[in-house]
Every structure is written in structure tokens, then in C-alpha cells.
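Comments concern the structure below.
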Amino acid sequence: MSQFNPLEAFNLPIVYWQIIWAGIIVAFVTVFALFAVYLERKISAYAQDRMGPMETGGWQGWAQTIADALKLLLKEDIIPELADRRLFKLAPYIVFAGSLGVMAVIPFGVNLIGTDLNIGLYFILALSSTVVIGILMAGWASNNKWALYGAMRSAAQMVSYEIPIGLSLMLPVLLTGSLSMIDITNAQKSGILADGYFWNWYIFRVPPFTLIAFILYFWASLAETNRTPFDIPEAESELVSGYHTEYTGIRFAMFFLAEYANMFIVAAIASVVFLGGPLAPAPWLNWIPGPIWMLLKSLVLVFIQMWLRWTLPRVRVDQLMHICWKIFLPLALVNFIVIATLVVLWQK
Amino acid sequence: MTPPKEGLYGRNILITNVDKLFRWARASSIWPQTFGLACCAIEMMAAAASRFDLDRFGVFMRPSPRQSDAMIISGTVTLKMASRVRRLYEQMPDPKWVISMGSCANSGGPYWEGGYHVLKGVDLIIPVDVYIPGCPPRPEALIDGILELQRIIKETEHNRAI
Amino acid sequence: MNFQDIAILFFGLLTILSATFVTFSPKILYSAFSLLFTFFGVAALYLILSADFLAATQVIVYVGGILILIIFGVLLTARITNLEILEQTQQRFIALLPIGSIGLGLILLILFTNWPINLLPNEPTTATIGKKLILTYVIAFEASSVLLIAALIGAVRLGRERNDENVQ
Amino acid sequence: MAEMRTALGMPITHQTKTSKNPIIQWILDVWEGFYTVLVGMGVTWRHFFRKPFTVQYPHEKLNIPKQARQRVHVDIDLCGGCLQCDKICPAGIIKIVTAKPVAGEDLGVRPNGKRRALHIAEFTIDHSKCLYCGLCETVCNDDAIYMIPDFQYTTRSLEQLVVNYSRYSPEERDRVVAAAAAEKAAKQASKPAVPQTKVSDPQPNIPSPSVDSDVFNEKCPGPDGEFK
């Protein structure tokens, strides 16, 4: 288990550590986005019996997304004449800031976290709701009907899906008795049978219910990140490309970055809350440090997101709302009530 | 007479190397618009699909002209469509390129003489970089055209509007 | 002047300035969007005053819920682009009376309250709030949930598809 | 779903269960939705490990079928200058200029054994307008014009697509054409005037025997409704 505490190791005041961590996170998100776009293109290619990027940079086209990013930075920056200039410029930053802010409370190791807020999970739910404002701003400011439709759909979808997400995330909170991400991680070390094994993770803790909660969270998080099968805000065949139709070059790159950062964030939350985050699946695997487990688990979930994207068709708006309000919400509520009852009985 | 802006600093190691990197980036990620006009568009789709896979060259279709670098004029440009083609071209951010695919886009094709409704070559309204002959061209011919466009981007000293 | 004071000044200024912008902005959409900064400023002030749960609730309820509803309302309103809000007041002297009295009351409150100088240690408040809500203030808590249920039922009743037979 | 499969003669792999109790029906529906997503993911999973279908074009090439019509090619040595291809071309993109040899000039024998009767002073094809119908190939008497499976001739300018297949340079062409015209003029001058009027008199009443060429050379109305 990685018991390395960087604060004690370098004897730094906490503010410096947080500034350094912020820099690390920005760099990580950028590199991750480049990698994830490449991964997505390869996965989409192999799902369709294609090859994906092959030529750029030599072996398997590894430099493809680097070239893409560089090119996007060099493109002309267009602001449409009838757009609302101020809001148009502000929107990508708000979307990106909302995504980045959440990264502050995600633990990469048992001690490797930006800041261990005692309301960690609640903070995540709160901050991720600000992304909607940025999207609405982008959609309105573009002065384009596709962008506005995309923004409205996106907002409606994200606001609806926050409820099943919140309810399913409350299950581990009930079992732990704390909202702090570190506490939730540590509570998954021990529990049933032997300590330190993977069956202590919350996904396996109360067999059917936590598993259902995990699946609900995962599906709802697809809607939260606007990915297929819930990508109706960016539906290429109906709305040109949704709320970022009018964005070019670097501003578009920021939306792209935020989208892939969001993918990582929902995967990271799921892996911390349900899959033990930085914990190894068995005690004899403890020599592999926590951040690697954390990244591995998140990447597997990101892979499943992409796998789903290239499997399923897009749902309609009414189907989307039907799934949220008539299937996910009742399931999540029943789950929540059952677990709450169990916790109360357990404590007595 | 003022010297051209790009000639101000002459050729030096820093500028040329950075310029080379930029040209490599631009040539390696050409994102065309999802924009098809007629039968050539079917071949364009075939080129993007599994058998020929344009994604191997970093070419993948963007739905919005704001996010695309190239425009593949795939098919007959009627006089009615010409204004839209021009408009879509103007909506793309610089630097931008145009690939004219097939006889109709090149010069009006079979309608070059008697067609009362067809634009006699798309280069009458927008600057074309690469002409791909064929009616319609094979997907390989389109890939060939894209490779030619990559060569153009890499050869040009300074691309439009850096 | 330590880090905390700077933060309080910064977020206080942010809150007040953006709130002023909300009031005086000629465009209704700019007002709606600058509410975002007001809410965030208030949340940050809560956070500095070690009310972390309240801060997160402020963001989740006001930004994630109410602000989005306001923006939705604004966006769905027809002919919003060229709407001009009437800025000059009509009946100044009548308006001055309640505003003046409230302002005076607030100023008096600020001046004559004995403010504790020592800030409380940064303690988690979530558990305390939860216990108080469930034990001490359970009636108020339940009453508010009943109110919300009533509002939900009303909304469903209003939004339901109307049959012509049922209307009469 | 099941009815469609039976109608198509496909085996029914999955039968939707139904129940009269709405709550059980709801649970069944949720389960079916979840289960079918898993089935779909299984299909995608199998595709991940399938060998890619892609032909990596610049490095490896597909065999192009023999009858593929990709590019018009002219074997100018075989061409006899009969103008059939020019007359039948629907797009009218073949331009052939022929000239009779002057007296005493021998043009030799073509590779197919026939005598060469004409100078092919110019044989220009505008590939940018070609519609690859293959009619020229069909009508050619000497198999001189045919389609080849070559498609890699992307260019940067339209002028490069206008190809002159003739072996004559522009100067030679002008010389040959001028010589032929001069000889024709000389012949006409030397001939008596009587046979000419004989031929020209009945002409307006007799329809032209070469109907084909007229049909193909007919002009369409231009944009302003006039015949060009």
C-alpha cells in the first residue's frame, strides 16, 4: 500500500502542495485527453474491422492526436459576427473549469489527493452541475439554432440524470458514514471475510444492490458526459455538432478536452466509490503502487464507455427521459431505501 | 513596395523548423466536412468506411464547417448549390483546402457544354488545390488525392493565414 | 492581512460586483449568467467561514437547480434578444421607504452586534447538520418535504395531458 | 421481433417474456433492456479480435477487375483517324485533327498491318470531363482507344488533365494541316467546275446519311435559351 505522504516527504506548506497538484492535474488531463482520443479512434476502428490511425508518426499512428491538437491550436479563431462575443469567449473556460475543479478531490493514492474535503462526494456533485451553465452559455452565445438545441437538450439531460447519479452515489456514503473520498476508499479495505481483498469493495459488498447502484451510476454518467447512447446533444445526424457547432480551433479544443476529462472523471469517481480506487485487489499485489491501480481501474471503465459507444445506437429524447425517470429513478430509490434500512438494522 | 510578411526574418533554423512542424501537423490531420453532393459522395463514404479507412491518415469527417480543414466537393455542383458551397467554404477557418472530386466538380463533367443548371467546374467559385479525375473516382483515387494534398501542405512554405 | 482575509475580500467583492451587474445589466441574459458568479462568491464565503456543507448545497441548489431553471426560462421566452428592461424607477419615493428602512436596519444590525472575532476551528459540519435536521428540527424538515411533494403533485397535475371531458 | 425472424426464416434466439402484472412486466422490460445491451456488447467484443478488413492502400493494392473503366488510353500507333470515338463521345471531349498526307508521302504501316492513311496531327482528351462510359472503346475499329485500370492521376491543375496523345508537336501539326489544306486547294483549283455543281444541287433535299454523328454533335440550349 502506498503510504507515501508527499506533504511530510518534502515538508511543504499545504498551499504549495495544492498549487503543484493543480499543475499536475492540468498536465495529466491534457495528456490523458490526447491518449483517450487516440484510444477512442483505435477502438472505434477495431469495432468496425478497420485499422484506425496508422500513418502519422510511424508505428500505429501514435502521433495522430498530437498532430490534431497542434493543428487545432494553429487554426483561425472565428467568432461569428452575430454571436454574443463575451459569453462566446467565456463558455469554454467555464466548462473546462467545472471539469478540472472536480479533479481536486479525486484520490489517486491513499494519500495522493488535491484536498481531502470532508464533503468530497457532495462537492463533486455540486461542481459538475456548473458544466451545464457553460454549455448553455455556449449554445446561446453562438447564435445558432443547432447550438441552442444542443445546449437545451444537454441541460435537460444533465439535470435529469443528476438525480439517479446522486442517489446511487449515496449508497457507499451510507455504508461508510462519510462523504470524504479518502474515508470511502479506506472503508473498502476491510469488511467481510479477509481484509484487503477485492470482495471488500463496495460493488461486491451488499451483493445485488450495490452492483445495481454501480450499473445505474455508470449508465447515468454516460448521459452526464453526453456520450452515446445518450449523445443527443451532439447528435451529428440531427444537430450539426450540438453546442460547439460554431467553435473553432483552440476553443473547440477546450470543449474536446473537457469532454474527455469528464469521461475520466466519471470513471475515476466510479472506481473510487465502487471499485476501491487505489486499493489493490489482493494483499499480495500491494507492491504495485496505488496510483497505478487507480489509473488501471479508471481506464478499464473508460474503455467500457467507448465500447458501449461503438455498440449502441442513439436513443431519442423521449426515450432518454423515459429511461431516467421511469427506470433509473425508481431503481435507485428502491436501492437507497433497502440499503438505508440494512445500515440501520446493522448498527442496532 | 513592402516585402511579404513571411519574408521578414528570412530563412533561419528556428522559424523553418517550427514551420516544418506546423506543416506536418496540418498535413497529418486533415478533417474534411461531412458534405456530399452526388454519386461521388457514395465513393467518399466508401473511402471512409472499413475497406479503405480514411482514418488511417488522420482524416475524419467533422459535421461542422467551423471545425474542418478541407472540403471535398464530391459531385455535381448545380448552380443552386453553388452559393451554398461558397458559403460553407467561407465558414471554414483558415488554413483551408479544397479537394475537387470527380468530373462534375472538376469541370462540369458531362454537363460541361450543354448543362444549363450545372456549375462548370467548382474552381469558378472557390480555389481548388487538388483535382481528382474519375466518374466517380475509386476510393483509392480519393486517398491518392488526399496524399497529394498532404504533399502540397508539406511543400508550401507558409500556408495561408498562419 | 493573511491569506484568509485576502480570500474574504476577493470573494466578497466578486459577489457584490456580480450582484450589481445582475441588477443593472441591460441584457436579461447577462444578468442570469452573472448570477453564476454571485452564487459562487457566496459559496466561497461560506467555505471560508468553515460552513462547507452549506457551500456545496449553495452550489448544487442554486447553480445546479435554480440558475439553470432561470436560464431555461429566459431562453424559452420568445423575443428575448432585443428585450429592453425598464431601468428607471417609477415611484421612487414610495420605493425609498421600505428599502431605506431595511437598509437602516441592516446597518444598525452590523454596527451593534457583538461579532465574535475568533473564528471557529475548521470542523466538519455535515454530521451535525444531519443530526439537527433529523432530531431537533424534524418538524420543519418534514414540513418542507411535504411542501415539495405538494409542489410536485401540482406540477404533474398542471403538466398532464388534458382530456376535454375532464376539463368541464 | 419474433414474427419478423420467423418470416425471414431465422432462428428465434431470444423470446420476449410478457406478464400481466405491470410491475413484473416492468422488471422484465428492464432486464431485457440490460440483457440485450450485453448481447450487443458481445457482438462488438467479437469484432475487436477480428482481422481488420482494411486494405492499406498506398502500401497494398486491390486487384482491379479487367473490365473496370478507370482511364481512357490511346495507343496512337494503332489509331487510323476514323473519328468514330470523337463522334460517339457523349461528353464531346475528344478532339482529333487529321490531315491527308501530301502526294508521294508514305506514312507506313500500323502495327495491326493496315496502312496508315492519315496524319493524326492532334488527339486530345480532356480527362477532367470524361464520364468513363466506354463508348469510344466500343466503336473503335482498330482497338486504339481503350480503358486501362489506372486511377492515380490526381493533379494540381486542370490543364494537366488535358492530354494530347498525338506524336506531333504543335508546330508539326500546323505544318501538316497547312500542307494538306494547300494540296486540297490546289486539287480543287485544278478540277473542272462542272462535277461540283452536280453534287451540290440535289443536296438540300437528301437527308444526310451520317445521322449518328449529327445526333451526337447536336448542341443543347445554353443558359439563356439560345442554341450555341
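In the text below, chain A, chain B and the rest are named by the order of the sequence lines, each starting its count at 1.
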Chain A contact via [X] - which portion, at a heavy-atom distance below 4.5 Å:
{"X": "B/Ser68", "result": "backbone"}
{"X": "B/Arg62", "result": "side chain"}
{"X": "B/Ala27", "result": "neither"}

What option among [options] has the most heavy-atom pairs under 4.5 Å with chain A?
{"options": "B/Ser28, B/Ala25, B/Gly58, B/Ser29", "value": "B/Ser29"}
{"options": "B/Val59, B/Ile30, B/Asp55, B/Asp69", "value": "B/Asp55"}
{"options": "B/Pro65, B/Ser64, B/Pro63, B/Ala49", "value": "B/Pro63"}

Just by distance, do the side chain of [X] and the backbone of [Y] share a donor-acceptor pair under 3.5 Å?
{"X": "B/Arg56", "Y": "B/Phe52", "answer": "yes"}
{"X": "B/Asp129", "Y": "B/Ile99", "answer": "no"}
{"X": "A/Glu76", "Y": "B/Pro93", "answer": "no"}
{"X": "A/Ser221", "Y": "A/Val266", "answer": "no"}
{"X": "A/Ser142", "Y": "A/Asn144", "answer": "no"}

(message) Is it true that, when you exclude B/Glu90 itself, more than 12 heavy atoms of the residues, nucleotides or ligands shown sit nearer than 6.0 Å to its CD?
(response) yes

(request) Please check if atom CZ in A/Phe218 has more than 12 non-hydrogen atoms from other residues, nucleotides or ligands closer than 6.0 Å. (result) yes

(request) Could you give me the CA-CA distance, side-chain angles and deciding distance for A/Arg316 and A/Leu320, then say whether side-chain contact (heavy atoms from CB on, under 4.5 Å) is met? (result) CA-CA 6 Å; A/Arg316 285 197 314 261; A/Leu320 177 103; over 6 Å; no

(request) Sort out for me which residue in A/Arg309, A/Arg153, A/Gln157, A/Gln319 forms a side-chain contact (heavy atoms from CB on, under 4.5 Å) with A/Phe230. (result) A/Gln157

(message) Whether B/Lys96 engages the ring of B/Tyr89 as a cation-pi pair (distance to the six-membered ring centre under 6.0 angstrom, angle to the ring normal within 45°) should be assessed.
(response) yes

(message) Against the six-membered ring of B/Trp31, is A/Lys71 placed for a cation-pi contact (under 6.0 Å from the centre, within 45° of the normal)?
(response) yes

(message) What residues of residues 38-51 of chain A make heavy-atom contacts with chain B at a cutoff under 4.5 angstrom?
(response) A/Arg41, A/Gln48, A/Asp49, A/Arg50, A/Met51

(message) Heavy atom to heavy atom, less than 4.5 Å: which residues from residues 91-101 of chain A reach chain B?
(response) none

(message) At a heavy-atom distance under 4.5 Å, which candidate from A/Leu70, A/Asp68, A/Leu72, A/Ile66 has the highest pair count against chain B?
(response) A/Asp68

(message) I'd like to know if the side chain of B/Ser100 pairs up with that of B/Asn106 as donor and acceptor (distance under 3.5 Å, no hydrogens or angles considered).
(response) yes

(request) Report yes or no: do A/Thr56 and A/Gln64 form a side-chain donor-acceptor pair below 3.5 Å? (result) yes

(message) Given heavy-atom pairs under 4.5 angstrom as the criterion, report whether the side chain, backbone, both or neither of A/Ala63 touches chain B.
(response) both

